[in-house]
Amino acid sequence: MNKYTKIDLKKAMEKKNVSEAALARQIGWSKQYLNSISCGKGNPTVEQLERIAETLGMTLHISFD
């Protein structure tokens, strides 16, 4: 995951006013695992990113620049 994905996830959580802990509970993951993704240390699959987006009520967009 690159720095842009990390920033976008944190912005999405802020926009929806949801904490990492709350989002992790809703998805069924540990807070530590979600934190590794939001900090750019994890390597989530597209399916996992889609799950995060759906839980936040958002759409996942992937682009190659």
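Computed from a predicted model, the values in this text were never measured in an experiment.
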What's the separation between atom [atom1] in [X] and atom [atom2] in [Y], rounded to the nearest 0.5 Å?
X: Leu49; Y: Ile62; atom1: CG; atom2: CD1; value: 6.5 Å
X: Asp8; Y: Lys15; atom1: CG; atom2: NZ; value: 11.0 Å
X: Thr59; Y: Glu50; atom1: OG1; atom2: CD; value: 10.5 Å
X: Asn35; Y: Lys41; atom1: CG; atom2: NZ; value: 7.5 Å
X: Met13; Y: Thr55; atom1: CE; atom2: OG1; value: 12.0 Å

Looking at every heavy atom in both [X] and [Y], which two are closest together, and how far apart are they?
X: Gly57; Y: Lys16; value: O-NZ, 4.1 Å
X: Lys10; Y: Ser38; value: CE-O, 3.3 Å
X: Ile52; Y: Leu9; value: CG2-CD1, 3.6 Å

All N/O donor-acceptor pairs, side-chain side in residues 22-34, below 3.5 Å, sequence neighbours left out:
residue	atom	partner	partner atom	Å
Ser30	OG	Tyr33	N	3.0
Tyr33	OH	Gln48	OE1	3.1
Tyr33	OH	Gln48	NE2	2.9

